[in-house]
Amino acid sequence: MIETNELFKIIPEIEDLINFAKFEVELEVPGRSQTHKIRLQLLDENEIYQLFKQSGQDLNPADMMSRAEYMKIETLVQSITMLDTKRYKSEDATEQDALLRELRYILGHTSPYLIDYVYKCYNELYEKRNQFADEKTEELKKKFQQMLYKSTPL
């Protein structure tokens with residue numbers, strides 16, 4: 001499988017396409033004695049697909065409540081890039097796995113209220129991305145509809 005960075009070298013234009021509407025945000029969360037900063041990055045389609053697939057393998061596919069909680073935690077684990085000054089992304093696969101395990105442990109022992117708060121922030125960022133994408137594609141949709149109206153069968 002070709003890594004994304006390798007693909008950019010082969011087809012440089014693809015980076016512009018892949019990186020369209022990528023959003024990342026820093027938010028603050030309360031702690032016992034101080035606030036903490038969390039940096040969230042939206043997941044891409046493949047990452048979301050892998051989470052759904054894994055949730056069906058790790059849990060009973062019919063247990064929707066457990067799967068929803070699993071998806072919430074795993075979405076945050078995959079989307080958090082920094083917690084205060086600690087970076088949670090690495091190019092090294094072994095190191096990345098260790099970082100993800102650490103985040104799972106941290107989030108698994110964090111107040112459910114804070115998990116819900118951070119997840120709501122993630123979803124707001126997701127909605128912001130969709131709004132941005134809708135605005136950027138509105139004119140293109142109109143052009144497509146006009147072209148579709150004029151098209152005839154082959």
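Residue numbers run from 1 in the order of the sequence given.
At a threshold of 4.5 Å between non-hydrogen side-chain atoms, the residues Tyr122 and Val25 do not count as touching. The shortest distance between side-chain heavy atoms of Lys22 and Asp44 falls below 4.5 Å. Contact check for Leu140 versus Phe144: no side-chain heavy atoms found under the 4.5 Å cut-off. In this structure, Ile38 and Leu76 have side chains that are not in contact, with every pair of non-hydrogen atoms separated by 4.5 Å or more. The side-chain heavy atoms of Lys89 and Leu99, taken from C-beta on, include no pair separated by under 4.5 Å. Under the 4.5 Å side-chain criterion, counting only non-hydrogen atoms from C-beta, Leu100 is in contact with Gln78. Contact check for Ile80 versus Leu40: side-chain heavy atoms found under the 4.5 Å cut-off.
A distance of 9.0 Å separates OG of Ser79 from CG of Leu103, quoted to the nearest 0.5 Å. Rounding to the nearest 0.5 Å places CG of Asp97 at 9.0 Å from CG of Asp92. Ile48 CD1 to Leu42 CG: the interatomic distance, rounded to the nearest 0.5 Å, is 8.0 Å. Between atom OH of residue Tyr126 and atom CG of residue Leu43 there is a gap of 10.0 Å, rounded to the nearest 0.5 Å. The distance from the OG1 atom of Thr35 to the CD atom of Glu28 is 4.0 Å, given to the nearest 0.5 Å.
Under a cut-off of 6.0 angstrom, the local environment of OH in Tyr119 is crowded, with over 12 non-hydrogen atoms contributed by other residues, nucleotides or ligands. Within a 6.0 Å radius of OH in Tyr105, no more than 12 heavy atoms belonging to other residues, nucleotides or ligands are found. Atom CE of Met65 is surrounded by 12 or fewer heavy atoms from other residues, nucleotides or ligands within 6.0 Å. Counting heavy-atom neighbours within 6.0 Å of Lys53 NZ, excluding the residue itself, gives a total of 12 or less. Summarising the local packing, CZ of Phe23 is surrounded by more than 12 heavy atoms from other residues, nucleotides or ligands at distances under 6.0 Å.
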- Task: Start with the C-alpha gap between Tyr88 and Glu102, add the side-chain angles, then the distance that decides, and say whether side chain to side chain donor-acceptor pair (under 3.5 Å) holds.
- Result: CA-CA 9 Å; Tyr88 280 93; Glu102 184 178 311; 2.6 Å; yes
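Gln146 contributes no side-chain N or O that, together with a main-chain N or O of Lys143, makes up a donor-acceptor pair within less than 3.5 Å. Remark: side-chain polar atoms of Glu26 are not paired, donor with acceptor, to backbone N or O of Arg39 under 3.5 angstrom.
The two residues Cys121 and Leu27 come nearest to each other via the heavy atoms SG-CD1, 4.0 Å. The two residues His36 and Gly31 come nearest to each other via the heavy atoms CD2-CA, 3.9 Å. Nearest heavy atom pair, residue Val118 against residue Val29, reads CG2-CG1, 3.7 Å. Here the shortest heavy-atom pairing between Ala21 and Arg129 reads O-CG, 3.0 Å.
Met71 and Ile115 fall within the same hydrophobic cluster, defined by Ile, Leu, Val, Met, Phe, Trp and Tyr side-chain heavy atoms under 4.5 Å apart, directly or through other members. Tyr117 and Ile106 fall within the same hydrophobic cluster, where Ile, Leu, Val, Met, Phe, Trp and Tyr residues are linked whenever their side-chain heavy atoms come under 4.5 Å apart, directly or through other members.
Remark: Glu139 pairs with Lys142 by the salt bridge (Lys or Arg N to Asp or Glu O under 4.0 Å) rule, at least two apart or across chains.
Residue pairs meeting the salt bridge (charged side-chain N to carboxylate O under 4.0 Å, His left out) criterion with at least one member in residues 66-85, sequence neighbours excluded: Glu69-Lys72, Lys72-Asp116, Glu74-Arg104.
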